[in-house]
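Residue numbers count from 1 along this sequence.
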Amino acid sequence: MERESRETASIENDMSDLVLADADSAVKVQVDTGNGSSEESYHVPNVSQALFHNEEEGEEEDGDDSDDDSGTDHFSTEKSGTQLQRCERAGGGNLPDTFQTSHLLFYERFKAYQDYMLGDCKPSEVKPFTADYLEKVVEPCDWLALWSTDVFDVLVEVEDLDLKDLKACVRLVLPLQCETKGCELTEDAMKSLLEATQHKVPLQQLLVVYEESGDFDQTALALEHLRFFYKHIWRQWDEEDEDDDFDYFVRCVEPRLRLYYDMLEDRVPAGLIAEYQSLLEKCSQCFQQFSVLRNGLSTDSDSELDNVSMVEGLKLCDQVETFKRKLHIIENPLLRYVLAYKGNARQQCVQSRGPRESGMKVVHVVTASCSSIQLQSLLNARLMPLCSSKDAEIQFHREPVSAVDSCHQGDVVIILPGIYSVDRSIFIPDSITVEGFGFPDEVVIEKKTKGDSFVESTGADVRLSNIKFIQHDAIEGILCVRQGTLNMENCVLQCETTGVIVRTSARLTMNMCDLYGSKGAGVEIYPGSVCSLVGNGIHHCKDGILIKDFADELDVMPSITMENNVVHNNEGYGVVLVKPNNAKQHSGPVEKSEDPDAQTAEDKQTDLHFISTVSTTSSSATSTTTAPTSSSSAGFQPEPVAKNSMDGDTASSTGQKWQLSRQLSRNKEMSCSRAVEDLMDHQLFVSIQGNQFKRNGMGDFGTFLY
């Protein structure tokens with residue numbers, strides 16, 4: 001297998017202390033960029049030139065990415081000096097400066113790992129591929145480096161490389177140049193330490209000393225790649241995967257690298273980062289316990305102690321697999337929010353206040369200013385009816401967040417026309433009513449600052465109406481019903497990430513609303529939830545409505561009502577069901593159905609469109625035609641389908657499944673799309689009628705298997 005060499009990229013150093021963190025901090029984003037954006041744009045061009053410099057092709061076509069190995073020998077005799085920046089050590093000291101390689105962009109690291117270091121290797125081949133890469137790039141001897149650990153930094157000279165173990169043979173530079181952290185080290189102590197290690201130190205712990213000649217640029221960058229890989233990408237259980245016959249870069253390196261940069265650039269909620277770090281730590285501890293237990297077992301012993309250890313080992317192995325599956329879900333950007341994230345810490349701390357001890361109900365009026373006509377209209381239309389009793393009062397607020405934060409159970413928030421920019425999330429833990437006094441386009445709540453969420457509802461009976469929510473620069477969805485009941489009517493939701501999320505055991509009633517712009521699903525419905533969608537427009541999202549199914553054996557199916565909605569112009573599906581890729585749930589391909597009529601129906605599927613229970617190819621009591629580019633669920637109810645199941649084998653076979661003729665690209669390894677089998681048997685829909693599906697890019701109904 002041909003491999004490009006010598007053309008390589010670089011890695012990240014922690015600029016705060018230049019000390020390699022231990023394995024427990026493998027996923028912590030510790031890069032202190034400070035004014036990172038300006039530095040990043042300043043350093044990247046130079047780093048890119050050093051990273052992908054091709055000696056033989058550079059003169060003819062600079063930056064040309066060729067697949068041959070003509071650029072293997074990168075040590076040009078015509079170097080014009082280093083292309084990397086100097087990393088000055090904080091606090092001075094007697095140690096020399098090193099190379100600055102901490103501001104590489106995602107695509108630079110991506111290209112280095114994919115094209116030069118790992119290629120298409122399997123997990124068991126990672127170390128040999130890495131050693132081969134380092135052999136071609138790293139100077140074999142006679143260069144200075146800082147041996148940097150958590151305890152000390154000391155200047156050494158590299159005399160030889162032991163690439164099989166990814167180590168370097170070094171000698172101490174005299175007189176001793178060393179900086180310690182919380183301890184005292186003498187020259188004799190350092191010599192003794194090197195003798196104990198046979199003068200071999202891990203390459204990951206070496207920081208190349210800065211030189212302006214440019215002779216050691218590639219060495220510095222290669223060691224940074226190695227350091228970054230084993231700090232942020234590699235997992236100690238990777239090479240023990242039973243299924244070793246897969247592309248390690250595609251399955252593991254790319255998603256972990258993307259997650260790292262998503263975390264670095266604040267595109268992942270803080271709660272999800274903490275959850276990922278916790279899972280990684282638990283998985284590491286569990287795997288270490290399993291390894292110790294496994295190594296202690298005797299291969300030819302039948303003792304009771306070994307039998308007990310075997311049982312414990314199997315339990316630990318199952319736990320490791322569970323942790324690995326959860327980590328993979330978070331690493332996959334398609335599944336990260338759909339299956340993994342359970343909420344952020346602040347939301348979990350917000351508690352219901354309950355009713356006031358005095359029993360008084362408060363009407364909170366939100367306005368920066370209003371005219372006398374508006375005030376008179378508000379008084380006649382809303383305040384007089386709400387405050388007719390003696391146990392009610394009126395409070396005024398300038399913005400909606402403070403009004404909601406002041407609410408107790410039973411309070412009412414009335415928002416007068418205006419555009420209200422908020423910089424905090426809105427948490428609704430009590431049963432309150434929040435309504436706009438006017439049309440939705442007149443009462444606008446806009447969130448511009450970056451944050452984990454916009455509106456979070458956990459109250460037992462929350463009501464929203466006549467408000468337009470605009471989301472900017474967000475990480476999570478625009479509205480999340482985590483528990484309790486939310487009734488929303490005549491609202492407009494202009495999304496940026498995901499749209500409305502209905503969590504397990506929560507209830508959402510959404511009537512006459514307009515939702516658009518979601519980069520994920522417009523509405524995400526979780527197992528065990530109750531969701532009623534009536535008369536809504538859901539459009540220009542990644543997917544219209546996403547239904548999550550069977551992530552856990554204890555999950556129960558959601559209860560969904562869909563009536564008179566218009567789901568159109570979504571990039572993916574109008575309605576998509578997300579479920580595990582479990583072979584047990586799919587006894588065989590639909591094409592192998594023994595029912596000839598069912599096969600006929602499937603053969604007529606084209607252009608990513610589904611045949612629903614109402615789109616049969618033969619006459620039945622509930623038949624309704626489906627247009628090639630749109631479909632309608634008008635008049636469709638699950639119960640009549642069951643009653644008419646005796647009208648013929650064709651109606652029965654086509655009336656119990658939605659089928660899909662297209663599968664997603666094989667390149668998406670953890671997902672595919674195929675027929676939604678026996679969807680009605682899941683009893684998802686209480687009622688589905690009068691809906692219109694138009695111009696959805698991948699079809700009206702689909703499945704996503706993970």
Q: Decide if atom CZ of F439 counts as having more than 12 heavy atoms of other residues, nucleotides or ligands within a radius under 6.0 Å.
A: no
Q.
Let me confirm one number: the CD1-CG distance from I478 to L493, rounded to the nearest 0.5 Å.
A. 4.5 Å
Q.
Any non-hydrogen side-chain atom of F437 less than 4.5 Å from a side-chain atom of V443?
A. no
Q. Given side chains that start at C-beta, do those of M562 and I545 come closer than 4.5 Å, heavy atoms only?
A. yes
Q) How long is the span from the SG atom in C531 to the CG atom in L508, to the nearest 0.5 Å? A) 4.5 Å
Q: Find out whether I445 and F454 are in side-chain contact, i.e. whether some heavy atom of one side chain is under 4.5 Å from a heavy atom of the other.
A: yes
Q) Do F685 and I547 come within less than 4.5 Å of each other through their side chains, counting heavy atoms only? A) yes
Q) Is the backbone of V530 close enough, under 3.5 Å, to the side chain of R507 for a donor and an acceptor to pair up by distance? A) no
Q.
Whether the side chain of D411 engages the backbone of V363 through a donor-acceptor N/O pair (distance < 3.5 Å, no angle test) should be reported.
A. no
Q | Exam field: side chain N565 to backbone L533, donor-acceptor pair closer than 3.5 Å | A | yes
Q.
Are F110 and F249 an aromatic pair, judged by ring center distance below 6.0 Å?
A. yes
Q) Which value, rounded to the nearest 0.5 Å, describes the distance between K519 atom NZ and H540 atom NE2? A) 15.5 Å
Q: Could you list the residues that satisfy side chain to side chain donor-acceptor pair (under 3.5 Å) with E489, not counting sequence neighbours?
A: none
Q. Will you find, in the side chains of S352 and D430, an N or O donor that is under 3.5 Å from an N or O acceptor?
A. yes
Q | N/O donor-acceptor pair under 3.5 Å between T504 side chain and P527 backbone | A | yes
Q) So among I501, L464, I426, which one has a side chain to side chain contact (heavy atoms under 4.5 Å, CB included) with L479? A) L464
Q. Any side-chain donor paired with an acceptor under 3.5 Å for Y261 and R109?
A. yes
**Q.** Within-4.5 Å side-chain heavy-atom neighbours: N332 and P255
**A.** no
Q) Okay, side chain of Y420, backbone of I415: is any donor-acceptor separation there less than 3.5 Å? A) no
Q) Hey, is the main chain of G544 close enough, under 3.5 Å, to the side chain of N696 for a donor-acceptor pair? A) no
**Q.** Atom of C407, atom of A403 and distance for their closest heavy-atom approach
**A.** SG-O, 3.2 Å
Q. Can any side-chain N or O of N490 pair as donor or acceptor with the backbone N or O of N466 at less than 3.5 Å?
A. no
**Q.** Between CG on residue L577 and CE on residue M557, distance to nearest 0.5 Å
**A.** 6.0 Å
Q: Using atom types as modelled and distance alone, determine if a side-chain donor or acceptor of S431 lies under 3.5 Å from a backbone N or O of D461.
A: yes
Q.
Between R325 and E321 (salt bridge meaning N to carboxylate O under 4.0 Å), is one present in this structure?
A. no
